[in-house]
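Owing to the predicted nature of the structure, the values given are computational and were not obtained by experimental measurement. Hydrogens, waters and symmetry mates are skipped; everything else that's a heavy atom, side chains included, is used. Residue numbers start from 1 in every chain, and the chains themselves are labelled A, B, ... in the order their sequence lines are given, proteins ahead of strands.
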There are 2 protein chains.
Amino acid sequence: MNPKTDLTQYDHPSVTVDVLVFAIMDDQLKVALIKRGTAPFKNSWAIPGGFVHIDESLEEAAQRELEEEAGVKSVYLEQLYTFGDPERDPRGRVITVAYYALVPDHDIPLSASTDAREARWFAVDDLPPLAFDHKEILQQALERLKSKLEYSNIAYSLLPSKFRLTELQQVYEIILGCQLDKRNFRKRMLSLGLLEATRQLDKSGAHRPAQLYRFKKRKMMIFR
Amino acid sequence: MNPKTDLTQYDHPSVTVDVLVFAIMDDQLKVALIKRGTAPFKNSWAIPGGFVHIDESLEEAAQRELEEEAGVKSVYLEQLYTFGDPERDPRGRVITVAYYALVPDHDIPLSASTDAREARWFAVDDLPPLAFDHKEILQQALERLKSKLEYSNIAYSLLPSKFRLTELQQVYEIILGCQLDKRNFRKRMLSLGLLEATRQLDKSGAHRPAQLYRFKKRKMMIFR
DNA sequence: TGAATAGTGTCTTTCAGACAATATGCC
DNA sequence: GGCATATTGTCTGAAAGACACTATTCA
């Protein structure tokens, strides 16, 4: 049986969404991947995704994937790019609209869903070979994430609602891949006026407790 | 006859590309629009676009539209965003991948192609009502254009290969919609090191001739 | 009191922005 | 010479970056 049959017989491409789910875990930026249970690329790791239903919007489809995969709702979700090379899927013409999501928690269990044998978090700088053009998609997501970190407040979406300034700085350092000066970082963050101190202290360590802050608005803002 | 029939009977969405073609003409930013010759939105103005052929990439489809519409090749072309609301086209499920193009010439004749009664340039701040969700698409393209102008060298793609600094400044002023200081503008542009003086002067006016410059690289570069 | 992290200020450099006079070529 | 545009420099304020010590809590 020709594997292309079910995808191209109508001359309409299939449309999928792929969702890159990012989180900070163990002081690393991690991405959720699934191990494919079916051909093509059976047993390869891939970005979770699926077909767009005929009556749902692209964003709804991405939300649905996100919930199936990581069980999370109301997290940061943004359309990344649409990948449509005719050769990107050996089964036939599949156009995928890639989204990326940022989840604040440090300990999200993943569920292997349809087509997936297994789901796991991978540090983005220690990845297995990926199926399809998923390496390129991931690459592009990382670039977007880095640049958006510099001129927006999306970092809030990788943090719990209250956090120490040191934690915020770690998010920046992990994603940008470089060390930042503590004094300059705090000066800059506080001068943006997007943070406010809460009345709480973090007393979790055997040392001076840290002030906890929150973002005034948990909505993406551009500052340039 | 149910107008949805031909688009949804297979449960696959249709995929189109829409291409926003921008140029500077008469000291205004203009966009190429077509007047639709068929329902829905018959006689409304719309962004030119068409179906993605089953064997061409999205970018190839956009190139093809661009050539059919404006007869231009090798101009700046960038994917903008993918619009996929299930209600965006009354005929059924149509997902469109929007691209925008920047053409350097001041006098591009447009050809009315399939489905179009007429094609015309419109100043972006004097637009007719647009079909579908095309107003939103155009809005988003303008935002992208403005922000990219600030941190990249895409302005080169709206100019001929050699140009006066004054012309370059006009491109910025027209797109950003504000006046810029001539001395500061020139200082900044020259300090970026992306421009080089040619050996030619522009002697077209009854006044002191201007030095002609060119971009060292006619490839999009980010400077941030 | 020692360990561990929190918190803070100054100086320098760089860049953006305000601002106006002179230069050159053509008619 | 008059007109029209081209070309050029200084000052000021803001923000980024380099840099090191004190403060606080807990064990």
Side-chain angles (χ1 to χ4, degrees), chain A residues 24 26-27 106 146-147 149-153 155 159-160 162-214 221-224, chain B residues 24 27 146-147 149-153 155 159-160 162-214 221-224:
Chain A
I24 303 274
D26 311 320
D27 290 323
H106 294 221
K146 278 184 202 184
S147 79
L149 201 65
E150 306 244 42
Y151 66 84
S152 82
N153 64 342
L159 288 169
K162 294 169 187 171
F163 50 85
R164 294 172 292 132
L165 286 184
T166 304
E167 288 177 287
L168 180 60
Q169 183 173 342
Q170 281 163 354
V171 169
Y172 276 76
E173 289 179 337
I174 289 166
I175 294 176
L176 298 177
C178 63
Q179 300 271 101
L180 300 172
D181 179 85
K182 188 198 273 199
R183 285 161 296 185
N184 293 336
F185 180 83
R186 294 160 100 95
K187 207 193 317 174
R188 187 161 61 94
M189 282 298 146
L190 293 172
S191 76
L192 288 171
L194 303 175
L195 296 175
E196 61 186 3
T198 65
R199 290 192 194 147
Q200 292 174 50
L201 298 178
D202 174 290
K203 302 197 181 194
S204 59
H207 49 79
R208 176 173 175 176
Q211 178 63 244
L212 289 174
Y213 287 82
R214 74 161 72 89
M221 296 180 65
I222 306 273
F223 40 85
R224 197 171 4 218
Chain B
I24 303 274
D27 289 324
K146 277 184 202 184
S147 80
L149 200 65
E150 306 246 41
Y151 67 84
S152 83
N153 64 342
L159 287 169
K162 295 170 187 170
F163 50 84
R164 293 172 294 131
L165 287 183
T166 304
E167 288 177 288
L168 180 60
Q169 184 174 343
Q170 280 164 354
V171 169
Y172 277 74
E173 290 180 337
I174 290 166
I175 295 176
L176 299 177
C178 63
Q179 300 272 101
L180 300 172
D181 179 86
K182 191 197 271 201
R183 284 162 294 185
N184 293 336
F185 180 82
R186 294 159 98 98
K187 207 192 318 173
R188 186 160 63 93
M189 282 299 147
L190 292 172
S191 77
L192 288 171
L194 303 176
L195 294 176
E196 61 187 2
T198 66
R199 291 192 194 148
Q200 294 172 50
L201 299 178
D202 174 289
K203 304 199 181 191
S204 58
H207 50 78
R208 177 172 174 179
Q211 179 63 245
L212 288 174
Y213 287 82
R214 74 162 73 88
M221 296 179 65
I222 306 272
F223 40 85
R224 199 175 0 221

OP1 or OP2 of dG7(C) under 4.0 Å from side-chain N/O of R186(A): yes
Regarding T166(A), tell me which of base, sugar-phosphate or nothing describes its non-hydrogen contacts under 4.0 Å with the strands shown. sugar-phosphate
Taking atom P of dG17(D) as reference, at what distance in whole Å does atom CD of Q179(A) sit? 15 Å
Report yes or no: is there a donor-acceptor pair, N or O only, under 3.5 Å between the side chain of R208(B) and the base of dA23(C)? yes
Report which part of the nucleic acid R164(B) touches: base, sugar-phosphate, or nothing (heavy-atom distance under 4.0 Å, all strands). sugar-phosphate
Inspect the surroundings of CD in E196(A) and state if more than 12 heavy atoms from other residues, nucleotides or ligands are less than 6.0 Å away. yes
If I compare all heavy atoms of L180(B) with all of F185(B), which pair ends up nearest, and what's the gap? CD1-CD1, 3.9 Å
Between dA27(D) atom C1' and K203(A) atom NZ, what is the distance in whole Å? 15 Å
Pick the closest DNA chain C nucleotide for L201(A) and for H207(B) by heavy atoms, then say which residue is nearer the 5' end. L201(A)
What nucleotide, of dG9(C), dT24(C), dT8(D), holds the atom closest to the side chain of K182(B)? dT8(D)
To the nearest Å, how far apart are L180(A) CG and dA15(D) P? 19 Å
Can you tell me the distance, in whole Å, between the CZ atom of F223(A) and the C1' atom of dA14(D)? 17 Å
Minimum heavy-atom distance between K146(B) and I175(B), given as atom pair plus value: CE-O, 3.4 Å
note: M189(B), atom CE; dA16(C), atom P; distance rounded to Å ~ 10 Å
Please determine whether any donor N or O and acceptor N or O are separated by less than 3.5 Å between the side chain of K187(B) and the base of dT7(D). no
Euclidean distance, atom CZ of residue F185(A) to atom P of dG9(C) [Å, nearest integer]: 18 Å
Walking DNA chain C from its 5' end, the first of A206(A) and R188(B) to be reached, judged by nearest nucleotide, is A206(A)
Considering all heavy atoms, the nearest Q211(A)-Q200(A) contact: OE1-O, 3.4 Å
Would you indicate whether the side-chain heavy atoms of R214(A) and L195(A) approach each other to under 4.5 Å? no
Toward the 5' end of DNA chain D, by each residue's nearest nucleotide, D181(A) or P209(A): D181(A)
Can you tell me how far P of dA6(D) sits from OH of Y213(B), to the nearest Å? 12 Å
Just the rounded figure in Å: distance from C1' of dA6(C) to CD of Q169(A). 12 Å
Of the listed nucleotides (dA20(C), dA18(D), dG7(C)), which one gets closest to any side-chain atom of R183(B)? dA20(C)
